[in-house]
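Below: one structure, written as structure tokens.
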Amino acid sequence: QGIIQGGTGSGSDFKESTYDALLTVTGSDCGTKIVETRMGTLACADDVVFMAPSEFELQQQIQLFNYFTNKDRFKIHPQTSYVSIFNPTQSEFEYYQSAQPWKINGAPATVSHEFTHLGIQYNLEKPSLTISNTIDARLKTGRNTTYGLMGAGLHGVNGVNPSVSNHMYQIYVMPRITYSLEFLSISSANMRRLETAHNSILRDVQSLPTRTAIPALHILLGTLPMQATIEQKQIALIPSLLNNDTILDIIIHQLATKSQKSHSWVIKTQELLHKYELPCIIDIAASDISKEKWKERVKTAVCLFWKRSI
């Protein structure tokens with residue numbers, strides 16, 4: 001009967017069903033390359049991304065994938081699939097939007113500047129809006145989750161004990177606010193927006209006045225600032241990425257070619273490792289440390305840094 005969208009087995013069942021298809025598309029001479037590393041086919045959970053330098057190669061990737069979808073009897077829905085073009089002229093975008101040359105099982109794929117992938121709301125027409133729109137969505141989700149927990153006592157006056165309220169906030173609300181933010185290079189202005197929302201909730205659960213000093217909000221509950229939480233998640237990702245040979249090749253390429261002023265995620269992560277006095281990415285790859293031990297080490301380093309800073 002299959003698995004519902006977003007169900008418990010959705011991601012693993014999708015990978016099992018599409019393994020041969022992804023292997024075939026990756027092995028074909030289609031798709032984008034970074035130097036000699038082929039990056040035309042990416043998959044995460046139950047999402048697939050095809051990248052190609054031309055419309056013909058992209059259609060060839062789709063056709064190869066469609067062959068396996070028909071053979072193995074699973075569907076890629078055209079209405080939830082999008083084609084986005086990087087750096088097109090206005091006339092090029094209008095042509096592709098009207099012509100819709102890419103077909104998924106015979107149905108035209110929607111051409112759009114905006115799409116959502118793994119919680120990130122991309123805007124290729126105005127890339128600066130990608131981060132701000134994603135943060136807007138995360139803060140809205142966090143507010144809705146907080147309001148939903150008010151019935152369980154997540155509020156300051158006449159609510160449950162502040163430590164219990166904080167535990168509920170950390171378990172149910174924080175993961176929804178910070179979801180996917182570890183993949184973004186967040187500016188100081190956007191980080192202040194996140195910190196303001198975070199501090200407001202901490203102030204409310206403790207029934208503290210608005211003029212309360214921000215360090216006191218964290219000291220009384222033993223919590224970390226929003227920036228620390230996001231940076232901890234970002235650094236903790238490293239071993240998972242290094243286990244993939246393709247991603248490892250790209251990371252090494254980024255370290256070799258990007259300057260320190262670059263907005264590259266790899267360069268920003270390298271700076272965070274230096275900030276928290278942790279080994280560099282190359283040393284982590286050579287150490288073969290387990291994910292669990294690395295997460296514990298990162299948590300200890302981040303807590304120690306902010307304990308001194310606060």
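Residues: numbered from 1 along the sequence shown.
Rounded to the nearest 0.5 angstrom, Thr130 OG1 and Glu114 CD are separated by 9.0 Å. Atom CG of residue Leu255 and atom SG of residue Cys280 lie 8.0 Å apart, to the nearest 0.5 angstrom.
Defined by atom type and a distance below 3.5 Å, a donor-acceptor pair is missing between the side-chain atoms of Glu57 and Gln61. Counted by atom type alone, Gln234 and Thr269 present one or more donor-acceptor pairs between their side chains at under 3.5 Å. Side chain to side chain, Gln227 and Glu231 meet the donor-acceptor criterion of an N or O pair below 3.5 Å. Side chain to side chain, Tyr276 and Trp306 meet the donor-acceptor criterion of an N or O pair below 3.5 Å.
Annotation for Lys140: atom NZ does not count as buried by contact number, only 12 or fewer foreign heavy atoms lying within 6.0 Å. Residue-environment remark: NZ (Lys295) stays at or below the threshold of 12 foreign heavy atoms within 6.0 Å. The environment of Lys307 atom NZ is sparse: at most 12 non-hydrogen atoms of other residues, nucleotides or ligands sit within 6.0 angstrom. Residue-environment remark: CD (Glu277) stays at or below the threshold of 12 foreign heavy atoms within 6.0 Å.
Both Phe183 and Leu194 belong to a common hydrophobic cluster when Ile, Leu, Val, Met, Phe, Trp and Tyr are linked at side-chain heavy-atom distances under 4.5 angstrom.
Scanning all heavy atoms of the two residues, the minimum distance from Pro279 to Leu273 falls at O-CD1, 3.4 Å. Residue Ile310 comes nearest to Pro215 through the heavy atom pair CG2-CB, 3.8 Å, listed as atom of the first residue, atom of the second, then distance. Across all non-hydrogen atoms, the minimal contact from Leu184 to Trp265 is N-CD1, 4.4 Å. The minimum heavy-atom distance between Ser112 and Ser84, with the atom names listed, is O-OG, 2.8 Å. The two residues Ile104 and Asn66 have their closest heavy-atom pair at CA-ND2, 3.8 Å. Contact between Tyr172 and Thr145 at its shortest, heavy atoms only, is O-CG2, 3.7 Å.
Residues Pro88 and His113 form a side-chain contact, since some pair of their non-hydrogen atoms from C-beta on lies under 4.5 Å apart. In this structure the side chain of Tyr179 never reaches within 4.5 angstrom of the side chain of Thr141, judged on heavy atoms. For the pair Trp102/Leu58, a side-chain contact is recorded, criterion being any heavy-atom separation below 4.5 Å from C-beta on.
In this structure, the side chain of Asn133 engages the main chain of Leu129 through a donor-acceptor pair within 3.5 Å.
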- Message: Between Thr41 and Phe65, does the side chain to side chain contact (heavy atoms under 4.5 Å, CB included) criterion hold? Intermediate values first, please.
- Response: CA-CA 10 Å; Thr41 307; Phe65 200 74; over 6 Å; no

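Applying the ring pair (Phe, Tyr, Trp, His ring centres under 6.0 Å) definition to pairs two or more places apart or across chains, those involving residues 191-249 are Tyr169-His198, His198-His218.
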